[in-house]
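Notes follow once the structure below has been shown.
By convention in this document, chain letters (A, B, ...) are assigned in the order of the sequence lines, proteins followed by strands, and residues within each chain are numbered from 1.
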Amino acid sequence: MIGRSTSIMSYDNPALQFDEQRLAKRNLLQEQGVTLYPPSFHRSHTIAGIRTEFDSVTHDPSPQQVATAGRIYIVRDHGKTFFCDLGDESGRIQLYIRKDSLPDGKFAIFKSGVERGDIIGVKGRAFRTKVGEITLWVDDFELLTKALCSLPEKFHGLTNLEKRYRQRYLDLIVNEESRETFRTRSRILSQLRNNLTARDFLEFETPTLQPIYGGANARPFTTYHNYLEQKLYMRIAPELYLKRLVVGGFEKVFELAKNFRNEDIDTSHNPEFSMVEIYQAYADYKDMMRLTEEIISGIIREVTGGYEVTYEGNTIDFTPPWNSMPMEEAVKTIGGIDIFTYPLEALKEKGKTLGVEGVEGVRSHREALPLFFETLVEEKLIQPTFILDFPIENSPLAKVHREKEGFVERFELFIAGMELANGFSELNDPIDQLERFEAQEEKRRLGDEEAQMHDYDFVNALGYGMPPTGGVGIGIDRLVMLSTSNTSIKEVILFPSMRRESTTEEEEEVAPGEDNQ
RNA sequence: GGGCUUGUAGCUUAGUCGGUAGAGCGACAGACUCUUAAUCUGUAGGUCAGGGGUUCGAGUCCCUUCAGGCCCGCCA
């Protein structure tokens, strides 16, 4: 929308966090002819670079002048001298600013107009102070960016979670741990790409806006394309498109996908989240388990330097190979109940006493199995554990088990009680796929909003022939949580979904979507 | 959806039994040429998240709205 032009700029709009004193300094600097936002500054060194190169300097400043830049984090005013802590992405260094070392008039500008939070460029020479702190003796400085908002307190910093999430930039400015978390996240992403491309996988991008959503059981976000005049869904998974690529002849593919699910938010769920999905022709679910194990353990070693991670007080050991067991065995040995020894009615009773949700409605032991698993086992799986062989009913895209009737060749990986990965031998029999979709459609008719949509084009793709294929999806956000010992997904997503703040004027109420047909 | 819980100055926070809202940092004015959470002196800064109620009197007690956090449900 075209902005309503306001003839008088208003800095006291409650939505603005500008500081009056800083605005005054800005004006003062402008009157003195200081350029507030110059276009560039040439650095000869980063701060870490200075620290490394001049590590052996003594009390006498090095003859070599360097140019570096950064944000002023702390100012210590001594009258005719200043000590400042200057920080860039690489680190921090102390500046020593003397009135008699700067060009004429510069000291007054610094004293009256430059403050904590501002970004400056400096030219200076490295030396060590009396107490041995490596410091830059400043010969000249240039204001590079005047900050109008003041930084949080220098010692306690910013701890308010809501503010840290809503104003992540501020969190990143002042909290090194937060910067480190997102550095790790970035390293994990590049490690994933390197690892997979080194194995000859090709990375692709498939549609985020989909006319038919699929690949998972979840409620989608709905949108509308004006030109096409049709409803579109934000993808809940890229699965069905990636498998089309395997049909097309790409034998090893992956996508680093942002998925969208219109569901609740909690410490392990964000409405938009990241997942890597991987498909490999001529592989089965066991191959994908091995691949998953190699990729994740490799990432943990790369980002932590070892295979052990402390998480929620537990030491998690990622050293391969990881434990694996069929779901019925997990329920038996970890859950402590061998459900197949109970008659069905007795099993339902037993389930009720154990607090197994939804057990009353089951029609078979097989249907009861995942319910018992979720209640009795899932949260106890702290060490990396593959759970194998799921009942067929809830896995409409997985191939039937080669030995166990009524089951599919599927695994899920659990770590710290969280589901980290989910993979299977992909269903490639078009007739079976058609029947599974029809079963899902029936569920939808009975009101299951999360049952999958029928996708005839996908069935046709399988009709042209997809080789035997293994696939897996790995949750990136949760992997970052484990790698950085964070127990909230909001700590590892830069800009997590938050309810909008109501301090600003009410916007037009958005309709709750047309996702109920 | 349910339970518990938090919201006080820019930030970090104290506030007892209901009795004039305190501090540190930051800001402002001043002193100080090796400090490092610099130090010292002084000043300003508050719709106690919003609204309502009880009371002579509410940051404090009650109701309600908003936003956040934790747990449960849901998300297989």
Strictly below 4.0 Å: does A:Lys154 bring a side-chain N or O up to OP1 or OP2 of B:C11? no
Are any of A:Ser150's side-chain N or O atoms less than 4.0 Å away from OP1 or OP2 of B:A27? no
Between B:A38 and B:C32 - C1' atom distance, rounded Å: 11 Å
Ignoring the backbone of A:Glu133, work out which of B:A27, B:G10, B:U35 is nearest its side chain. B:U35
More than 12 heavy atoms of other residues, nucleotides or ligands under 6.0 Å from CD of A:Glu405: is that the case? no
Picking from B:G68, B:C11, B:U33, which would you name as closest to the side chain of A:Glu153? B:C11
How about A:Phe424 and A:Tyr285: are their ring centroids closer than 6.0 Å? no
Distance check, P atoms only: B:G45 and B:U35, in whole angstrom units. 35 Å
Between B:G26 and B:U36 - P atom distance, rounded Å: 13 Å
Taking the six-membered ring where the residue is Trp, are the ring centres of A:Phe260 and A:Tyr213 under 6.0 Å apart? no
Whole-Å distance between B:G10 C1' and A:Ile173 CD1? 14 Å
Name the residue closer to the 5' end of RNA chain B, choosing between A:Phe83 and A:Ser488 according to the nucleotide with the nearest heavy atom. A:Phe83
Nearest to the side chain of A:Glu115, heavy atoms from C-beta on, is which of B:U33, B:C32, B:C28? B:C28
Checking all strands, does A:Gln21 fall into the base, sugar-phosphate, or nothing category for heavy-atom contacts under 4.0 angstrom? sugar-phosphate
Which whole number of Å gives the distance between the C1' atom of B:A44 and that of B:C28? 7 Å
If the cut-off is 4.0 Å, is A:Arg499 near the phosphate of B:A67, judged by side-chain N/O to OP1 or OP2? yes
Whole angstrom is fine here: how far is it from CZ in A:Arg500 over to P in B:A67? 9 Å
Same-atom distance (C1') from B:G22 to B:U60, integer angstrom: 15 Å
Nearest whole angstrom, please: distance from the P of B:G26 to the CZ of A:Phe18. 23 Å
Counting only side-chain nitrogens and oxygens, does A:Lys163 get under 4.0 Å of the OP1 or OP2 atom of B:G10? no
Report the distance from atom CZ of A:Phe424 to atom C1' of B:A76, rounded to the nearest whole Å. 12 Å
From CD1 of A:Ile134 over to P of B:U35, roughly how many Å is that when rounded to an integer? 18 Å
Can you tell me if the side-chain N/O atoms of A:Arg76 get under 4.0 Å from OP1 or OP2 in B:U35? no
Decide if the gap between the ring center of A:Phe83 and the ring center of A:Tyr96 is smaller than 6.0 angstrom. yes
Of A:His156 and A:Arg128, the one whose closest nucleotide on RNA chain B sits nearer the 5' end is A:His156
Do the side-chain N or O atoms of A:Thr267 get closer than 4.0 angstrom to the phosphate oxygens (OP1, OP2) of B:C71? yes
